[in-house]
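See below for the structure under consideration.
Within every chain, numbering begins at 1; the chains are lettered A, B, ... in the order of the sequence lines, protein sequences first and strands thereafter.
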2 protein chains.
Amino acid sequence: MDENTDPLAMKASSDGDTAKPRKRSIARKAQESRILEAAEMLFAQYGYNGVSIEAIAEQAGLSKQNMLYYFPSKEYLYHHVLKNVLDLWIDKMALFEQAGDTPASKLRSYILGKLELSRLRPNGSKIFANEIINGAPYIKEYLQQKLLPKLDTDIALVKQWITDGLMDSVDPYHLFFSIWATTQTYADFSTQIALVMHKDSLETTDYEDAGRFLTHTILKGVGLSE
Amino acid sequence: MDENTDPLAMKASSDGDTAKPRKRSIARKAQESRILEAAEMLFAQYGYNGVSIEAIAEQAGLSKQNMLYYFPSKEYLYHHVLKNVLDLWIDKMALFEQAGDTPASKLRSYILGKLELSRLRPNGSKIFANEIINGAPYIKEYLQQKLLPKLDTDIALVKQWITDGLMDSVDPYHLFFSIWATTQTYADFSTQIALVMHKDSLETTDYEDAGRFLTHTILKGVGLSE
DNA sequence: GTCTATACCCAGATAGAC
DNA sequence: GTCTATCTGGGTATAGAC
């Protein structure tokens, strides 16, 4: 990824000036990873303003002053977390690149892939959701530059399928909005879903049920059932 | 609603001790409404920790000290806002009470009703979403007591439809999760949706398109197309 | 009910010794 | 790189005059 045109660009945390990776940079990487992991979890659960850097530092196992040595400000840290999440997200958002040669199998892979991402990275999903709900202050440009081009391709693909009579004539935009919403809800709204299902938390089988429901309903709903 | 068993109960803001409503209580009600409206907007956009009571007061057109006269603490104010939102939400969540005598028309009304709520009260939707994402600290009990009973009835209804062979054998829980997610996304994720559609904000026609897409896809997807 | 003033606290960030 | 100490600003809330 080209750092120069990256709207979320920040000073590289790794060896920008100190040319060669040394022994110590390995320890540094490990510390940074632990901090980033702790930060992702806490930002997801409480939002940017709901966590103190002290809480993050404690979760990562160091003092807040020491953490500020690695990430000189809270915003800087948040940007790192956000960038990791976004790169992962945008990658999974390309329908065109999904496996399968028929429209049905491509769409099925897309839905299950997005659902799997929700299962594996619920905290990332929540951070993304928080960001969008708050008007996407940090990531608007990022989405514009990275998401829209991929999505345009995908929209065109779906339109082609419709033109070719392979599926119902539905609005392709709203199809994507629905897939995003239904898959991400299992991460973002897991509290409510678990509550409704009388569980403490969602299990793998719940995601399997969700996958079955979503692929059946959406594919059939747009006239793509095999 | 019985205040005594209400998990979000709070001291009544109106005449608890001063017995009779007087002239001044009218002015008070007006002030309170303006404060609540301002608070709902700002809490929705920035989250509980992202707004200061000063910002809310300014938006409502009074000093923060004066606002604290009406709502003696930030949390107290938030509870009021949240309670208004929740009552509205739970009401619209009952499928059983929807118009229509066929499963298809009942479900259609339900989807369009939820979508309409997103259009008319996007801020309420965002506050609700924020609350759930953060683990629903304030509203878990509320959902348990108010939402679950209604939902149980609705789940039973859908199961009956399936037993009667009126629709596909899909998991009723996930059907509701999908409807909630797809309708609320137009409020919660409006920033992203508008961005993708190259607009500044969503218009009525976008909601009509969404309604067409959702009713077509979901009804057909569960085997309920007329 | 509305104002001025202020107490109080917490969080982000910096300075400097080691 | 890690520590102790400290500065600073902003935010909630209260006191008390009018």
| query | Nearest to the side chain of A:R28, which nucleotide is it out of C:dG12, C:dA13, D:dG1? | reply | D:dG1
| request: Whole angstrom is fine here: how far is it from CD in A:E54 over to P in D:dA5? | output: 15 Å
| field | Minimum-distance pair of heavy atoms, taken over all atoms of B:Q45 and A:N134 | value | O-OD1, 2.8 Å
| message | Nearest to the A:Q65 side chain among C:dA11, D:dT12, D:dC3, which nucleotide is it? | response | D:dC3
| field | Closest to side chain of B:N66, choosing from C:dT2, C:dA5, C:dA13 | value | C:dT2
| request: Specify whether A:H174 and A:F177 have parallel, tilted or perpendicular ring planes, treating 30° as the upper limit for parallel and 60° as the lower limit for perpendicular. | output: perpendicular
| query | In whole angstroms, how far is the C1' atom of C:dT14 from the CE atom of A:M67? | reply | 15 Å
| task | Take the protein atom CD of A:E58 and the nucleotide atom P of D:dT2, then report the distance between them rounded to whole Å. | result | 17 Å
| field | d(CG, A:L68; C1', D:dT2) in whole Å | value | 12 Å
| field | B:L77 CG to D:dT12 P, straight-line distance once rounded to whole Å | value | 11 Å
| query | Does the side chain of A:Q31 get closer than 4.0 angstrom to OP1 or OP2 of D:dT2 through an N or O atom? | reply | yes
| said: Please determine whether the number of non-hydrogen atoms from other residues, nucleotides or ligands lying under 6.0 Å from atom CD of A:E54 exceeds 12. | reply: no
| query | Roughly how many Å is it from NZ in B:K74 to P in D:dG10, rounded to a whole number? | reply | 15 Å
| message | Whole angstroms only, please: what is the OH-P distance between A:Y78 and C:dG12? | response | 14 Å
| query | Do the side-chain N or O atoms of A:S63 get closer than 4.0 angstrom to the phosphate oxygens (OP1, OP2) of D:dC3? | reply | yes
| said: What is the distance, to the nearest angstrom, from the CD1 atom on A:I35 to the C1' atom on D:dT2? | reply: 13 Å
| Does the side chain of A:Q31 come under 3.5 Å of the side chain of A:R34 through a donor N or O and an acceptor N or O? | yes
| task | Just call it for B:I53: base, sugar-phosphate, or nothing, with non-hydrogen atoms closer than 4.0 Å on any strand. | result | sugar-phosphate
| request: Mind telling me whether B:H80 and B:F71 have parallel, tilted or perpendicular rings, with 30° and 60° as the class edges? | output: perpendicular
| Under 4.0 Å: is that the gap between some side-chain N or O of B:Y69 and OP1 or OP2 of C:dG1? | yes
| query | Any donor-acceptor pair under 3.5 Å joining the side chain of A:K64 to the base of C:dG12? | reply | yes
| Closest to side chain of B:S73, choosing from C:dG1, D:dT12, D:dA13 | D:dA13
